[in-house]
Structures are given as C-alpha cells and as structure tokens.
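Heads up: the structure comes next, in structure tokens.
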Amino acid sequence: RPARPARPATAPLAAPVAAAPSSSLSSLLSSLLSSLLSSLLLPLPGIGAGVAANTAVYILGNRVLLKGLAWDGYASSYVLGCLSYAAFGLYGYLIVCIYFLIGSSVTKLKMDVKVREGTAEARGGRRG
C-alpha cells in the first residue's frame, strides 16, 4: 500500500466571527435592490417588479391619482397597475398611465358645460 502524503501543518481553528447583522442585512437589501432594478426592464418583469414600480408611482403621484379617482377606484387601480406592470412590462404600464391621464383630462374638459347639460359624470369626474 502506498504511503499517504503528510498533512500540511495548519493553525488551530479560530472561533468563527459572526458578521454584523447590519452588514448582512445591507448586503441582502443591496442584492434585492439590484435584482429588482434589473427585472424592471424585462419584457415580463413579474409581480415583485410590478408591485415595486406601481408603489413608487402611487407614492409620487398620490395627488394626481386622488384628483382623478375615488377611494375605491384608487384601490382597484393599484391592483390593476401592479398586474399590468407584471404582465406587460414598462411600456405596457406607460400606455395604461397615459390612458388614465388623457381620460381624466378629457372628463374634466368643459365640466361646467357638461354640468349644465346634465351629462357630467358624478363626483366631479372622479372615477371609481
């Protein structure tokens, strides 16, 4: 039988040093953020990207959205926005957003005339 090679001398094992929770949390958040940002531009980004993008739009555009939507419309459009982004990506989502902005503007166009004629939508044109 051949002789075994000698083991190299090793230093005694030191107790493992636990990573600081903040560094592991920050690296986890960093990897999640980079993963999310890379998925935002995919043709089918998925529900995580849809929720993230739509939540950002709702936080930044809250005033505009509430001018054009009643509370029930606001809630249902949030769900539809998340699903639209997840299913159709950025460009499909932008089409939905532009459609909402144009539709809301046209609804409020000449509102005084529509009120006199009795053809104005209820709630001042807010949808929901």
Worksheet entry | Nearest heavy-atom neighbours spanning Pro45 and Ala49 |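 Scanning both residues completely, I find the closest heavy atoms to be CB-CB, 3.7 Å.
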
Kindly work out whether a path of hydrophobic side-chain contacts (I/L/V/M/F/W/Y, heavy atoms less than 4.5 Å apart) joins [X] to [Y].
X: Val106; Y: Ile98; result: yes
X: Leu69; Y: Trp71; result: yes
X: Val51; Y: Leu42; result: no

Practice prompt. Begin from the C-alpha positions of Ile95 and Phe88 and carry the test side-chain contact (heavy atoms from CB on, under 4.5 Å) through to its verdict.
Written response: CA-CA 10 Å; Ile95 290 170; Phe88 305 117; over 6 Å; no

Nearest 0.5 angstrom please: [X] [atom1] to [Y] [atom2], how far?
X: Ser104; Y: Tyr99; atom1: OG; atom2: OH; answer: 9.5 Å
X: Ser24; Y: Leu29; atom1: OG; atom2: CG; answer: 9.5 Å
X: Leu65; Y: Leu60; atom1: CG; atom2: CG; answer: 10.5 Å
X: Cys97; Y: Asn54; atom1: SG; atom2: CG; answer: 7.5 Å

Would you tabulate the side-chain donor-acceptor contacts of residues 77-86 under 3.5 Å, counting partners in other chains and residues two or more places apart, or write 'none'?
from: Ser77; atom 1: OG; to: Tyr58; atom 2: OH; distance (Å): 2.3
from: Ser77; atom 1: OG; to: Gly73; atom 2: O; distance (Å): 3.0
from: Ser77; atom 1: OG; to: Tyr74; atom 2: O; distance (Å): 3.0
from: Tyr78; atom 1: OH; to: Thr55; atom 2: OG1; distance (Å): 2.6
from: Ser84; atom 1: OG; to: Leu80; atom 2: O; distance (Å): 2.7
from: Tyr85; atom 1: OH; to: Leu40; atom 2: O; distance (Å): 2.7

Discussion item. Has Ser105 got a side-chain atom pairing as donor or acceptor with Leu101's backbone, closer than 3.5 angstrom?
Written reply: yes

Response to the item:
Sequence neighbours excluded, the answer for side chain to side chain contact (heavy atoms under 4.5 Å, CB included) partners of Leu94 is Leu90, Tyr91

